[in-house]
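All values reported here derive from a predicted model rather than from experimental measurement.
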Amino acid sequence: DVNEYWMCDHGRLLYKDIVTEARLAEPTVGAGEERSTGSWERAYARVLQGVSFLRHWFEPTISGAEHIPRTEGALIVTNHGHFGMDLPVLLSLVLDATGRPVRSLGDRVVFAAPFFRELIHRLGAIEGAPDAAVELLRDDQLVLVYPGGAREALHDPENAYRLEWENSHGFIRTALRAQKPILPIAGIGNEELYVQVVSQDRVRETGVGRFVTKLLGEKYVPSLYMGLGPIPFPSDLHYIVGEPIRFEQGPEAADDPELVAKLHREVTDVAQRLIDEGLQAREGSETEEREDASGVQDDSSEKRRRVI
C-alpha cells in the first residue's frame with residue numbers, strides 16, 4: 001500500500017478511511033432499525049441536544065444575533081472560556097437564532113485525545129488548518145475560531161477577559177483569502193466556570209509541568225482549577241454579537257505582513273471593546289439589582305418600625 005500513493009504521515013493515517021466505499025456520504029439519525037438518512041443540519045441539532053443540559057445549567061443568553069449572516073459565510077472570533085466548556089452552549093444559541101450550524105476549528109492537542117476528538121467531531125469541529133477554513137468559508141459556512149487558543153483558555157485569573165491574540169494573525173489571512181467577513185462575539189461569564197487553585201507558573205515548576213512543556217509546549221501547561229468537582233460552576237453566560245467586519249482588500253493582501261498586522265490590531269481592538277462593554281453592562285446590572293434589593297430591605301425595616 002505504501003507505494004500506491006505518496007503523502008505526509010498525517011494524511012496517510014486517515015487516507016483509507018477517506019477513500020473507502022463504506023464512508024458515509026450523508027449522516028444517519030437514530031439507532032438500530034430506526035436509523036434513517038437525514039440532513040447534516042438535523043444530525044448537528046441532534047448532537048447538540050445531547051449536551052442540552054448545559055443550557056439548563058448556565059441559562060445562557062445572546063444579544064446581537066441579528067448580525068449573524070443568514071446565508072453568507074463568516075469567520076466567528078471570540079474569547080476562550082475555561083477549557084472551551086461553553087462552546088456547545090454558543091453553538092446551540094447560534095443554531096436557535098439562525099438555523100445554521102457552525103464549524104469550529106480546534107487545536108491539534110484536542111484532536112490527539114480520542115475521547116475529545118470524537119466529541120468535537122460530532123459538534124462539527126475540524127483541526128484548525130488554514131486551507132480547510134478557507135474552503136469552508138468559500139462554501140458560505142459559519143466557521144468559529146478561538147485566536148487565543150490554549151494560552152487564553154488556560155491563563156491566570158488576572159488575565160481574565162484580556163485577549164491574547166498577539167501571535168495569532170492566521171485568522172486575518174484566512175478571512176482575506178476567503179473574502180468573507182469576521183464576526184466578533186464576546187463571551188461574558190465563560191471565564192468564571194472554575195476557580196483557580198494553583199497558578200500556571202507554579203504548575204510549570206513541577207515535574208508534571210516540565211513534562212507537559214517538553215511534550216506539548218509551555219502554553220499547554222494548565223493551572224489547577226476547582227469547580228463543583230469536575231462540573232463547572234453555574235455561571236451566567238451571555239454572548240454579545242458585534243457587527244461583521246469586512247475588509248476592502250483583496251485576497252492578495254493576505255501576503256502583506258504589515259497590512260495583516262494592521263488589520264489584526266483593528267479587529268482585536270473591536271473584539272476587546274465588545275468584551276469590556278459587556279463586562280461594564282453586567283456590572284451596572286448587578287449594581288442595580290443590589291440597590292433594588294437594598295431598597296426592598298429599607299422599606300421592610302421602615303414598615304417594621306411603624307408597626308412597633
- prompt: Counting distance only, does the side-chain N/O of Y194 pair as donor-acceptor with the main-chain N or O of P230 below 3.5 Å?
  reply: yes
task: Would you please classify the geometry between the H264 ring and the F171 ring as parallel, tilted or perpendicular, with 30° and 60° separating the classes?
output: tilted
query: Does R210 have any salt bridge (Lys or Arg N to Asp or Glu O under 4.0 Å) partners at least two apart in sequence or in another chain, and if so, which?
result: none
query: Do the charged groups of E205 and R202 touch, with an N to O distance under 4.0 Å?
result: no
field: N79 (side chain) donor-acceptor with L163 (main chain) under 3.5 angstrom
entry: no
message: Going by salt bridge (Lys or Arg N to Asp or Glu O under 4.0 Å), name the residues that satisfy it together with E243, two or more places apart in sequence or in a different chain.
response: none
task: Answer yes or no: is there a donor N or O on one side and an acceptor on the other, between the side chain of D140 and the main chain of E72, under 3.5 Å?
output: no
task: Please determine if R273 and D276 form a salt bridge, counting it only when a charged side-chain N lies under 4.0 Å from a carboxylate O.
output: no
query: Ignoring hydrogens and geometry, is there a side-chain-to-backbone donor-acceptor pair from E152 to E164 under 3.5 Å?
result: yes
query: Are I76 and I275 connected in the hydrophobic side-chain network, where two residues link if heavy atoms are under 4.5 Å apart?
result: no
Under the salt bridge (Lys or Arg N to Asp or Glu O under 4.0 Å) test, residues paired with D255 that sit two or more places apart: R177
- prompt: Between R103 and D139, is there a side-chain N and carboxylate O pair less than 4.0 Å apart?
  reply: no
task: Report yes or no: does R204 contribute a side-chain atom to a donor-acceptor pair with the main-chain N or O of T213 at less than 3.5 Å?
output: no
message: Closer than 3.5 angstrom, by distance alone: can the side chain of Q179 be matched with the main-chain N or O of Q249 as a donor-acceptor pair?
response: yes
message: Please identify which of these residues, V94, V77, I185, L87, meets the side chain to side chain contact (heavy atoms under 4.5 Å, CB included) condition with L144.
response: L87
message: Working to the nearest 0.5 angstrom, can you tell me the gap between F233 CZ and M226 CE?
response: 5.0 Å
Exam field: side chain S223 to backbone S199, donor-acceptor pair closer than 3.5 Å: no
- prompt: Backbone N or O of V203 within a donor-acceptor pair of the T206 side chain at under 3.5 Å?
  reply: yes
